2 protein chains.
Amino acid sequence: MLTKEELEEFSAEAHALYLDYISIDCVVFGFHEGQMKVLMLKSKNEAGWQLPGGFVQKVEPIDVAANRILATRTGIDDVFLQQFRVFGDPDRNRQHNEMYSDIIAKEKNFFAHRFISIGYYALVDFFNAIPTPDEFSEICTWRDLNDLPPFLLDHELIFTTALDTLRLQLSYQPIGYNLMPKEFTMPELQKLYETILGKKLDRRNFQRRMLGFGILNKLPQTRKGGAHKAPYLYSFDLENYQAALKEGLKSGW
Amino acid sequence: MLTKEELEEFSAEAHALYLDYISIDCVVFGFHEGQMKVLMLKSKNEAGWQLPGGFVQKVEPIDVAANRILATRTGIDDVFLQQFRVFGDPDRNRQHNEMYSDIIAKEKNFFAHRFISIGYYALVDFFNAIPTPDEFSEICTWRDLNDLPPFLLDHELIFTTALDTLRLQLSYQPIGYNLMPKEFTMPELQKLYETILGKKLDRRNFQRRMLGFGILNKLPQTRKGGAHKAPYLYSFDLENYQAALKEGLKSGW
DNA sequence: AACAATGGGTGTAATTGGTACACAATTGTA
DNA sequence: TACAATTGTGTACCAATTACACCCATTGTT
């Protein structure tokens with residue numbers, strides 16, 4: 001629980017720095033050991049977990065704000081970040097509006113009103129990110145998509161909306177550049193797709209289709225050390241990848 | 001040009017009623033005589049045109065706000081309305097921020113700061129809409145997509161983003177229910193698709209595909225009076241249409 | 001009344017793309 | 001060196017899309 005003083009100090013600062021009524025929440029996806037991960041924060045005061053979020057400075061583009069928030073939580077700058085929906089129910093953060101109502105005047109509490117939140121989702125390299133808690137959280141860490149803790153506020157809705165959007169995105173845009181290491185094998189990339197989509201794909205058809213997009217470079221090396229046939233390594237052809245991002249892929253999964 | 005008094009009165013009211021910093025802009029599409037139309041407003045003070053817009057009341061869900069704004073401009077309630085992007089550049093409405101700076105104090109002018117605008121697009125029945133100007137506009141009317149006037153602020157960006165989104169939407173969602181009259185012919189529906197996509201489609205393949213979606217009812221009547229063979233009339237099967245909206249269509253154009 | 005012109009309704013062959021497999025090749029281990 | 005597991009490549013089949021051809025209904029013209 002924050003003390004009255006801590007909250008007053010934060011509120012004064014926030015009022016000076018940020019736009020009222022507007023927040024940003026980020027759903028940050030990572031990929032590790034064949035599992036999809038989401039970055040989450042364990043609240044100091046409450047039982048539940050939240051998505052990383054923040055506010056928009058008075059003179060700051062919203063995309064820059066989202067980037068700044070993400071950089072503060074992960075140490076990574078300039079990642080793939082996508083606006084996907086605004087969450088604007090007047091009651092969506094009532095829980096937080098009222099939390100400190102008995103120890104501090106409403107006018108002095110930055111949180112004591114409605115926030116309209118702009119949802120972003122991000123795809124980041126698991127190994128580059130250094131999860132860093134904010135002042136209201138005791139833990140910031142990756143949570144497995146199959147083992148999510150209870151959410152605070154409407155963050156479960158924000159999360160599921162982001163996941164749905166990501167799955168749809170997969171149908172007509174290439175993904176993976178921000179989630180995979182520089183060099184990877186086809187089965188590894190397939191794992192990523194299967195994890196996001198939540199279903200198995202045919203190994204052979206996946207490979208043919210993926211190569212058909214023309215966004216991969218086949219490298220001469222293979223991934224040795226596995227207990228079986230060594231698969232070839234691939235990297236993304238960044239130029240074609242960017243082009244595919246703009247123009248879209250042919251069809252869906 | 002508004003007088004000082006008018007602006008002061010509006011500002012006082014607005015400050016009491018609406019959230020600061022947040023606005024809504026709507027791109028309203030209609031369809032008439034084989035042409036795609038957009039609802040636009042001619043400013044009283046300025047040379048350019050704007051999209052219909054408004055603000056969010058202090059306790060009002062944003063989707064309700066968008067609906068209210070649209071109802072005020074068209075008389076139509078409860079239309080197909082879709083959030084598509086937030087426009088959050090700090091300078092996007094500088095033009096309006098500074099407009100009255102010489103006649104009224106910044107603190108008293110509701111417009112004298114940044115607005116983050118939530119973009120919605122809407123598809124409405126051309127004949128049901130009664131374009132109604134707001135207090136800052138002298139004209140509210142449909143403009144042809146091929147003959148658009150100069151835009152104010154960043155409304156051209158908002159418009160083109162909406163159009164791009166609508167075109168993408170077309171690939172995996174049924175549209176038309178909100179744009180066509182109750183009964184229509186297949187060639188008429190095809191015109192709509194061709195207009196949105198900006199390209200010709202094959203008459204016969206269009207028909208087969210459209211029918212394949214199972215969202216149309218073939219009516220026994222034909223459209224008499226034309227100079228040629230009378231085409232059959234169709235109506236949308238609302239139940240299947242709604243289902244297709246949720247589940248999406250198979251693939252794109 | 002015959003006929004051309006125009007637009008609408010329906011069918012079909014060719015092509016493309018996706019799905020479901022089979023089989024050979026490679027690697028580490030027993 | 002045989003074996004299990006996994007990867008690389010090929011192919012037959014089915015479904016969807018595309019590109020057509022042909023016929024029908026209506027109107028205006030002669």
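All of these numbers come straight from a predicted model, not from anything done at the bench. Reminder, nothing fancy here: chain letters follow the sequence lines and each chain counts from 1.
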| Is there a side-chain polar atom (N or O) of B/Lys200 under 4.0 Å from OP1 or OP2 of D/dA19? | no

| message | Measure CG/A/Leu233 against C1'/D/dT6 and give the value in whole Å, please. | response | 15 Å

| Any N/O donor-acceptor pair, A/Arg223 side-chain to C/dT26 base, under 3.5 Å | no

| message | Please check: side-chain N/O of B/Arg73 versus main-chain N/O of B/Pro52, any donor-acceptor pairing under 3.5 Å? | response | no

| query | Any idea how A/Tyr241 and A/Phe236 line up, ring-wise: parallel (<30°), tilted (30 to 60°), or perpendicular (>60°)? | reply | perpendicular

| Base-contact (B) and sugar-phosphate-only (S) positions in nucleotides 21-30 of chain D, heavy-atom cut-off under 4.0 Å, - elsewhere | B--BBBS---

| said: Would you call the rings of A/Phe84 and A/Tyr121 parallel, tilted or perpendicular, taking 30° and 60° as the class edges? | reply: tilted

| task | Classify the ring geometry between A/Phe29 and A/Phe159 as parallel (under 30°), tilted (30 to 60°) or perpendicular (over 60°). | result | tilted

| Mapping B/Arg208 and B/Thr185 onto DNA chain C by nearest heavy atom, which one lands closer to the 5' end? | B/Thr185

| Quick one: which of D/dT18, C/dG9, D/dT9 gets closest to the side chain of A/Gln207? | D/dT9

| request: To the nearest Å, give me how far apart NZ (B/Lys218) and P (C/dG8) are. | output: 14 Å

| said: I want to verify a distance call: between C/dG8, D/dT11, D/dG8, whose nearest atom is closest to the B/Pro231 side chain? | reply: C/dG8

| Between C/dG7 (C1') and B/Lys191 (NZ): distance, integer Å | 11 Å

| In whole angstroms, how far is the P atom of C/dT10 from the CE atom of B/Met210? | 16 Å

| field | B/Asn93 side, atom CG; B/Asp154 side, atom CG - distance, nearest 0.5 Å | value | 7.5 Å

| request: Using only heavy-atom distances, determine whether the side chains of A/Ser137 and A/Asp134 contain a donor-acceptor pair under 3.5 Å. | output: yes

| Expressed in angstrom and rounded to an integer, what is the separation of B/Phe206 atom CZ from C/dG9 atom P? | 12 Å

| said: Between the side chains of B/Arg68 and B/Glu60, is the shortest nitrogen-to-carboxylate-oxygen separation below 4.0 Å, so that they form an ion pair? | reply: yes

| field | Shortest side-chain distance from B/Asn205, nucleotide among D/dG8, C/dG18, D/dT18 | value | D/dT18

| Rounding to a whole Å, what distance do you find between A/Arg209:CZ and C/dT16:P? | 17 Å

| query | Roughly, in whole Å, what's the span from CG in A/Asp202 to C1' in C/dG17? | reply | 15 Å

